[in-house]
Amino acid sequence: QAQVEESGGGSVQAGGSLRLSCATSARPFGEYAMGWFRQAPGKEREFVAAFRWRGDDIFYADSVKGRFTLSRDDAKNTQFLQMNNLKSEDTAVYYCAAGYPAGPSRIRWASEYMYWGQGSQVTVSS
């Protein structure tokens, strides 16, 4: 069982910034991908951003495009989520995920990821 360790998160006022980090011991091969999902109280877990280990494509949810930036450090099997211009609707628990989605069309599906972090609370006050 691979380990997934998250760090970052916290509380910020609307318009502020936060950064999440995630390191995993999952093995990058084949269709390996890492990403972020979030879950607000009373809502389902939703896709935020992800990248495929093979290639340079980064996928974002429409709600965070232009505000969130996903970056990677392949040597350390680590990813970072820089969140700028945060809004109150970004308040949620953010989960790091790693796995082997069966192709780019499934990279936004939480069910395609095997390994999950413990979750990091992000609270944005208006």
Side-chain angles (χ1 to χ4, degrees):
Q1 182 74 9
Q3 301 298 312
V4 180
E5 295 187 6
E6 298 179 33
S7 61
S11 298
V12 68
Q13 290 190 331
S17 299
L18 288 171
R19 188 182 193 228
L20 299 175
S21 301
C22 175
T24 176
S25 61
R27 294 184 60 195
F29 67 92
E31 295 298 321
Y32 180 73
M34 290 185 72
W36 295 91
F37 291 77
R38 66 186 183 186
Q39 188 165 17
K43 295 187 177 181
E44 294 186 355
R45 190 169 297 190
E46 65 174 3
F47 172 78
V48 176
F51 70 89
R52 299 173 68 216
W53 179 61
R54 287 182 174 175
D56 299 324
D57 292 339
I58 300 178
F59 304 82
Y60 293 99
D62 288 342
S63 59
V64 306
K65 277 182 182 177
R67 300 187 298 119
F68 290 13
T69 302
L70 181 60
S71 59
R72 56 197 278 190
D73 182 341
D74 289 348
K76 298 180 179 179
N77 205 4
T78 299
Q79 63 169 347
F80 307 93
L81 186 67
Q82 178 66 40
M83 303 180 291
N84 297 329
N85 191 21
L86 282 161
K87 304 176 180 179
S88 57
E89 51 263 43
D90 295 318
T91 295
V93 177
Y94 284 69
Y95 295 92
C96 173
Y100 309 90
S105 64
R106 296 193 177 195
I107 202 167
R108 290 177 168 83
W109 298 11
S111 59
E112 295 289 306
Y113 293 81
M114 297 174 61
Y115 308 112
W116 292 86
Q118 75 279 10
S120 300
Q121 178 68 48
V122 170
T123 302
V124 184
S125 57
S126 57

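Only this structure's heavy atoms are used, side chains among them; waters, hydrogens and symmetry mates stay out.
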I'd like to know if the side chain of [X] and the backbone of [Y] have a donor-acceptor N/O pair within less than 3.5 Å.
X: Ser25; Y: Ala2; answer: no
X: Tyr60; Y: Leu70; answer: yes
X: Thr69; Y: Gln82; answer: no
X: Thr24; Y: Gln3; answer: yes
X: Arg72; Y: Trp53; answer: yes

Which atom of [X] lies closest to which atom of [Y], heavy atoms considered:
X: Cys96; Y: Gln79; result: SG-NE2, 3.2 Å
X: Glu112; Y: Pro101; result: OE1-CA, 3.4 Å
X: Asn77; Y: Pro28; result: ND2-CD, 4.1 Å
X: Ser120; Y: Glu6; result: OG-OE1, 2.8 Å
X: Cys22; Y: Val4; result: SG-CG1, 3.5 Å
X: Gly9; Y: Leu18; result: O-CD2, 3.9 Å

With a cut-off of under 6.0 Å to the ring centre and 45° to the axis, is Arg108 in cation-pi contact with Phe59?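 Judged by the rule (NZ or CZ under 6.0 Å from the ring centre, within 45° of its axis), Arg108 is not positioned above Phe59.
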When clusters are formed by joining ILVMFWY residues with side-chain heavy atoms under 4.5 Å apart, either directly or through shared neighbours, do [X] and [Y] land in the same one?
X: Tyr115; Y: Met34; value: yes
X: Leu81; Y: Leu86; value: yes
X: Ile58; Y: Phe37; value: no
X: Phe68; Y: Val93; value: no

Assign the ring pair Trp116 / Tyr95 to parallel, tilted or perpendicular, where the plane angle (0 to 90°) is split at 30° and 60°. perpendicular
Just how far is it from atom [atom1] of [X] to atom [atom2] of [Y], taken to the nearest 0.5 Å?
X: Phe51; Y: Asp57; atom1: CZ; atom2: CG; answer: 12.0 Å
X: Ser126; Y: Glu89; atom1: OG; atom2: CD; answer: 9.5 Å
X: Ile107; Y: Tyr100; atom1: CD1; atom2: OH; answer: 13.5 Å
X: Met114; Y: Gln1; atom1: CE; atom2: CD; answer: 7.0 Å
X: Phe29; Y: Arg54; atom1: CZ; atom2: CZ; answer: 9.5 Å

Within a radius of less than 6.0 Å around [atom1] of [X], do more than 12 heavy atoms belonging to other residues, nucleotides or ligands occur?
X: Glu44; atom1: CD; answer: no
X: Glu5; atom1: CD; answer: no
X: Asp56; atom1: CG; answer: no

Show, in sequence, the C-alpha distance, side-chain angles and deciding distance for Val48 and Met83, and conclude whether the side-chain contact (heavy atoms from CB on, under 4.5 Å) test is met. CA-CA 11 Å; Val48 176; Met83 303 180 291; over 6 Å; no
Go through Gln121 and Thr123 one step at a time and tell me if the side-chain hydrogen bond (donor to acceptor under 3.5 Å, both in side chains) criterion holds. CA-CA 6 Å; Gln121 178 68 48; Thr123 302; 3.2 Å; yes
Are the charged groups of Asp90 and Lys87 less than 4.0 angstrom apart, N to O? no
Step-by-step side-chain contact (heavy atoms from CB on, under 4.5 Å) determination, Arg27 to Tyr32: CA-CA 8 Å; Arg27 294 184 60 195; Tyr32 180 73; over 6 Å; no
